[in-house]
Amino acid sequence: MRCYIKLTVCIGLIGVCLIFNLLLFQAEQLKQPVFLKHYYELGLEEYTIFTIGCLMSKNDTRELVQIEFPELTGEGHFFRVSLGNQFNLNAHHDQREYWIEYHYKGEGMPIEEEISLTRAKVMFNNGEEMDIPIGQIIFYPVEHERAILEDGMSQASSSGETSFSGIFTEDVRFDGIKSTLDPLVKDFIEIRINGMPPEPQFFKQGMAWKLEGKMEIDSKDPRRFNYYEIQSRIYFEDLKGEEIIDQVLNLRYTPYFSRIDSYKYLREEGGD
């Protein structure tokens, strides 16, 4: 009799565990993709490429095929979408990264002044559409100034580090590095010029220039789940007092999710 009772209790506990796991599995399934936040500051040229990332249920077979930005007005703006990367996070979720290729087919420059985009309309291959917040994508017009550095070498990584070096071709004054997104990111960005903080200073023709930047986000900072690509503009002035924007400081950061990070993120962001 006791063995029968123990067997019944064990079967009951197994059944409860199976039901709990089934409910947990259903609760962790995403009905809709959850798009991450993107903080980009990019010079918009006739061809520009950037990434849009999202979390999706592992059994979600939809593919993103089109994207529009309602705040980007005017003619000649076209976006092409392709799947760049897909990461297996855990039993429930995948992280997908879509490459967005911008093409401008209009007259003149793509934009005349800086513009900020905060929302997007995404379309999937089954005909479904979503209006989503994307963070903040800033596009600014690119004007090709005269080059004041030669023998340039540059390196950049998705982990948030970049460097650029060169030799000045004329006497200039370095005035500073400016980014519209500074209020959001300046506390986790470190910049060095020839090993020193970026203070205004003069450079003579033939002097070396080495710019190093690093974007480092604390493991407990929720901003580590955002995408960042910041092309800060670097300002110089020649001996005649004319302003020169010779190059950009390109810092890029791609979020990494551990096996449990997606659950935490979705609970905090209210994903369903």
Side-chain angles (χ1 to χ4, degrees), residues 35-53 67-81 98-122 131-149 154 156 158 160 162 164 172-191 193 198 200 211 213-215 217 223 226-238 241-254:
F35 284 82
L36 304 175
K37 298 297 188 298
H38 309 78
Y39 295 95
Y40 295 160
E41 184 170 352
L42 308 173
L44 191 65
E45 303 192 70
E46 292 184 356
Y47 176 77
T48 302
I49 187 168
F50 55 96
T51 299
I52 294 292
I67 189 168
E68 296 175 357
F69 298 92
E71 294 153 312
L72 181 61
T73 58
E75 301 294 330
H77 305 294
F78 295 92
F79 294 92
R80 179 180 298 167
V81 179
Y98 288 92
W99 292 337
I100 312 300
E101 296 180 49
Y102 169 80
H103 298 268
Y104 180 63
K105 300 181 180 181
E107 299 292 332
M109 298 175 62
I111 54 175
E112 297 295 331
E113 59 185 12
E114 186 174 288
I115 184 173
S116 177
L117 311 178
T118 59
R119 302 198 68 83
K121 180 181 180 181
V122 295
D131 182 66
I132 60 168
I134 54 171
Q136 186 176 16
I137 297 179
I138 294 172
F139 289 141
Y140 60 82
V142 176
E143 298 182 8
H144 295 283
E145 303 277 356
R146 70 179 190 267
I148 59 172
L149 287 161
S154 62
S158 60
T162 187
F164 180 88
V172 294
R173 171 185 166 87
F174 165 68
D175 282 339
I177 302 172
K178 300 177 184 177
S179 167
T180 305
L181 290 177
D182 271 347
L184 296 176
V185 301
K186 63 181 180 181
D187 61 317
F188 56 80
I189 287 180
E190 181 182 358
I191 300 172
I193 295 175
L211 173 70
K214 181 168 64 174
M215 181 182 294
I217 306 176
R223 292 176 296 178
N226 300 332
Y227 284 84
Y228 295 93
E229 184 169 358
I230 301 173
Q231 296 178 357
S232 303
R233 285 150 282 187
I234 304 177
Y235 290 82
F236 297 91
E237 186 178 287
D238 66 13
E242 295 182 2
E243 184 180 77
I244 306 168
I245 305 175
D246 179 74
Q247 57 178 229
V248 297
L249 169 65
N250 192 2
L251 285 168
R252 185 185 300 116
Y253 173 87
T254 299

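Model, not experiment: these values are computed from the prediction.
One finds the OH atom of Tyr98 at 11.0 Å from the CD1 atom of Ile67 (value rounded to the nearest 0.5 Å). Here the CG atom belonging to Leu36 is positioned 12.0 Å from the CD1 atom belonging to Ile134, to the nearest 0.5 angstrom. One finds the CD atom of Glu68 at 11.0 Å from the CG atom of Asp131 (value rounded to the nearest 0.5 Å). Within the model, atoms CD1 of Ile148 and CD1 of Ile234 stand 9.5 Å from one another, a figure rounded to the nearest 0.5 Å. Note that OH of Tyr39 is 6.5 Å distant from CG of Leu184, once rounded to the nearest 0.5 Å.
In this structure, the side chains of Glu71 and Ser116 stay at 4.5 Å or more apart for every pair of heavy atoms. Taking the side chain as every heavy atom from C-beta outward, Leu42 and Ile138 never approach each other to under 4.5 Å. The side-chain heavy atoms of Glu229 and Arg252, taken from C-beta on, include a pair separated by under 4.5 Å. For the pair Tyr228 and Leu181, the minimum side-chain heavy-atom distance is 4.5 Å or more. Residues Val185 and Leu251 fail the side-chain proximity criterion, which asks for heavy atoms closer than 4.5 Å. Side-chain contact between Ile230 and Ile189 is present, with heavy atoms from C-beta onward closer than 4.5 Å. Taking 4.5 Å as the limit, every side-chain heavy atom of Asn226 sits out of range of all side-chain heavy atoms of Ile217. Within the 4.5 Å cutoff, side-chain heavy atoms of Asp187 are placed close to those of Arg223.
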I would like to know whether Leu211 and Ile177 meet side chain to side chain contact (heavy atoms under 4.5 Å, CB included); could you show each step before the answer? CA-CA 11 Å; Leu211 173 70; Ile177 302 172; 4.0 Å; yes

Step by step, would you call Tyr227 with Phe50 a ring-ring contact (aromatic ring centres under 6.0 Å, His included)? CA-CA 10 Å; Tyr227 284 84; Phe50 55 96; over 10 Å; no

Intermediate values then yes/no, side chain to side chain contact (heavy atoms under 4.5 Å, CB included), Leu72 and Phe79: CA-CA 12 Å; Leu72 181 61; Phe79 294 92; 3.7 Å; yes

Using the rule given for side chain to side chain contact (heavy atoms under 4.5 Å, CB included), can you reason through Glu41 versus Tyr140, listing the C-alpha separation, both sets of side-chain angles and the distance that settles it, and then say yes or no? CA-CA 8 Å; Glu41 184 170 352; Tyr140 60 82; 3.9 Å; yes

Checking side chain to side chain contact (heavy atoms under 4.5 Å, CB included) for the pair Phe236/Asp175: CA distance, chi angles, key distance, verdict? CA-CA 5 Å; Phe236 297 91; Asp175 282 339; over 6 Å; no

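Closest of all the heavy-atom pairs between His77 and Tyr104 is ND1-CD1, 3.9 Å. Across every non-hydrogen atom of Pro110 and Glu46, the tightest pair is CG-N, 4.2 Å. The two residues Gly135 and Lys37 have their closest heavy-atom pair at N-CD, 3.8 Å. Shortest non-hydrogen contact noted between Phe69 and Arg119 is CD2-O, 3.6 Å. The shortest non-hydrogen separation linking Glu101 to Ile49 is CG-CD1, 3.9 Å. For Ala120 against Pro70, the heavy-atom pair with the smallest separation is CA-CD, 4.2 Å.
In this structure, Thr48 contributes its side chain and Tyr102 its backbone to no donor-acceptor pair below 3.5 Å. Without hydrogens or angle criteria, Asp238 side chain to Glu242 main chain gives a donor-acceptor distance under 3.5 Å.
Salt-bridge annotation for Glu114 and Arg233: present, with a side-chain N of the basic residue lying under 4.0 Å from a carboxylate O of the acidic one.
Within 6.0 Å of the CZ atom in Arg80, the count of heavy atoms belonging to other residues, nucleotides or ligands does not exceed 12.
Ring geometry for Tyr40 against His38 counts as perpendicular: the plane angle is over 60°, on a 0 to 90° scale with 30° as the lower cut.
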